[in-house]
2 protein chains.
Amino acid sequence: MPKFVDAALRRQEVVEAVFRIVAADGLERASLREVADEADLAVGSVRHYFASSDELLAHSFGVVVDRIAGRLDAAEDRLAETAPGTAEHRRGVLTLLGELLPLDEERAVDACVWMAFKNAARTRPFLAAEADRSHRTVAAVVGRLMMDLAGIDAAGGTGGPGQQRLVTEAERLLATLDGLTMHALLQPEWMTAQMCHDVLEAHLASLDSRAASH
Amino acid sequence: MPKFVDAALRRQEVVEAVFRIVAADGLERASLREVADEADLAVGSVRHYFASSDELLAHSFGVVVDRIAGRLDAAEDRLAETAPGTAEHRRGVLTLLGELLPLDEERAVDACVWMAFKNAARTRPFLAAEADRSHRTVAAVVGRLMMDLAGIDAAGGTGGPGQQRLVTEAERLLATLDGLTMHALLQPEWMTAQMCHDVLEAHLASLDSRAASH
DNA sequence: CGGGTCGGGGCACATCCGTGCTAAAAAGGG
DNA sequence: CCCTTTTTAGCACGGATGTGCCCCGACCCG
């Protein structure tokens, strides 16, 4: 039997090289040669772990989705341990949604890579499956959060129209988050971390006051 | 004297070829050869009107920004002729903001090309100037609209904190719009034109109720 | 202590890209 | 009619990319 290395670990190293390149210079520089250089490997070696360029990119997309989903799940678990309506709960909601925003270096890289892949998926069919999974995952988290928040002021399931309103509000929150992420990445001079926080708080406050007046 | 053609018109034809390619297959297919083919020209001919590939792309970016800005200005003018608070005014606001969303074929192409260039500007310095102009233009329109809406319920300038709140709300509206556009382009199955409309109406309603309760 | 298998590297080819440069065609004024 | 200037077209070169294919060193098991 020959020499054995941890294939999963090597793949992860290559994927992280992809992340660094995409975050710094975009997907168009994530070629096999550039990735191999960044990972201190030869092109042939990278191709030993990923059959093709497409598989490397698709797998990288999957990893970043899993990373974000993992952070969201952890924040969701912590949120579930707080009592609704308390200041702690409100802070938990901010933390949960903040996991999607580029508020520190790690989340900035993730958000950047995530955005790049989501946009590329529009024109590259081999990324479409991961893009769908990504969207479904995040939409589910936001949907659960909206139901949670709605449960505070109007416990007991409201009928069809109320359900429709909830879906609309979930999509609105999702759109605001993605737009915020986009602005923070593309116009960092205008959209600072502080502004992200302010906008997010304003949105949550708006949800509260609207629900109260209804 | 030699043969004369309308250079501006030829340039416009080439730019529209760029739009078709970017909308269909993204910026990565907008090479000189592909654009020349799409415009039924030779590469050398395209290069006669645009000194380089960079200039072609930067100019195309500028054209799409101008087109969107023109539609916004027109909608803003029409809005100014309506009385604040009326249903007509509210419809005008929806129309104005709707100019940014991919609600029909023309706006979908514009939004798509616009997004593609904005994202590319993050890593391609020669697009940065247009991206800045684009952002400033749209932010100014949304800012004026927010001041207009704020003037309805709280006429007379409020001081510093009120100004700060207004900026935050403007950024929030802007983020929601861009996120909506993004979702409509990337996940058209979930984010339909109807859903765009519902979310936009919900956001405006939220602005009203929040302002009223303040 | 050999041999077979895997990790890792690299060559070569076809393809695409932007661009410098050259050349033909077109057309209106002298 | 011809000449000048614009328009249009095309060639060729250097560079980058994905991929098929081959090679060699390293290692562990029999």
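Per chain, numbering begins at 1; letters A, B, ... match sequence-line order.
One atom, CD of A:Glu13, and another, P of C:dG7, lie 14 Å apart when rounded to the nearest Å. Straight-line distance from the CG atom of B:Leu56 to the P atom of C:dT19: 10 Å, rounded to whole Å. Atom pair A:His48:NE2 and C:dG7:C1' shows a separation of 6 Å (rounding to whole Å applied). The CG-C1' distance, from A:Asp40 to C:dG10, rounds to 16 Å in whole Å. In this structure, CG of A:Asp37 is placed 15 Å from C1' of C:dG8, rounded to the nearest angstrom. Regarding B:Arg11, its CZ atom lies at a distance of 12 Å from the P atom of D:dT7, rounded to whole Å. What separates CG of B:Leu41 from P of C:dA25 is a distance of 18 Å, to the nearest Å. In this structure, CD of A:Glu34 is placed 14 Å from C1' of D:dG18, rounded to the nearest angstrom.
Proximity of A:Arg10 to the phosphate of C:dG8: a side-chain N or O atom is located under 4.0 Å from OP1 or OP2. Taking side-chain N and O atoms only, A:Ser45 has a distance below 4.0 Å to OP1 or OP2 of C:dG9.
A 4.5 Å side-chain heavy-atom check between B:Met191 and B:Leu180 finds at least one atom pair inside the cut-off.
Counting non-hydrogen atoms under 4.0 angstrom, B:Arg47 reaches a base of the nucleic acid. A:Tyr49 comes within 4.0 angstrom of the backbone, heavy atoms only, and of no base.
Ring-plane geometry between A:His59 and A:Phe50 is classed as tilted, the angle between the planes lying from 30 to 60 degrees on a 0 to 90 degree scale. In this structure, B:His203 and A:His203 have tilted ring planes: the angle between them lies in the 30° to 60° band.
Ranking D:dT7, C:dG18, C:dG9 by closeness to the B:Leu32 side chain, first place goes to C:dG18. Distance from the side chain of A:Ser31 is smallest to D:dT17 among D:dT17, D:dT7, D:dA9. Candidate nucleotides C:dG18, C:dG8, D:dG18 were compared by shortest atom distance to the side chain of B:Arg33, and C:dG18 ranks first.
Checked for salt-bridge contact, A:Arg136 and A:Asp132 meet the test: a charged N lies under 4.0 Å from a carboxylate O.
Nearest heavy atom pair, residue B:Ala23 against residue B:Val113, reads N-CG2, 4.3 Å.
When the nearest nucleotides of DNA chain D are assigned to B:Val5 and B:Val43 by heavy-atom distance, the more 5′-ward of the two goes with B:Val5.
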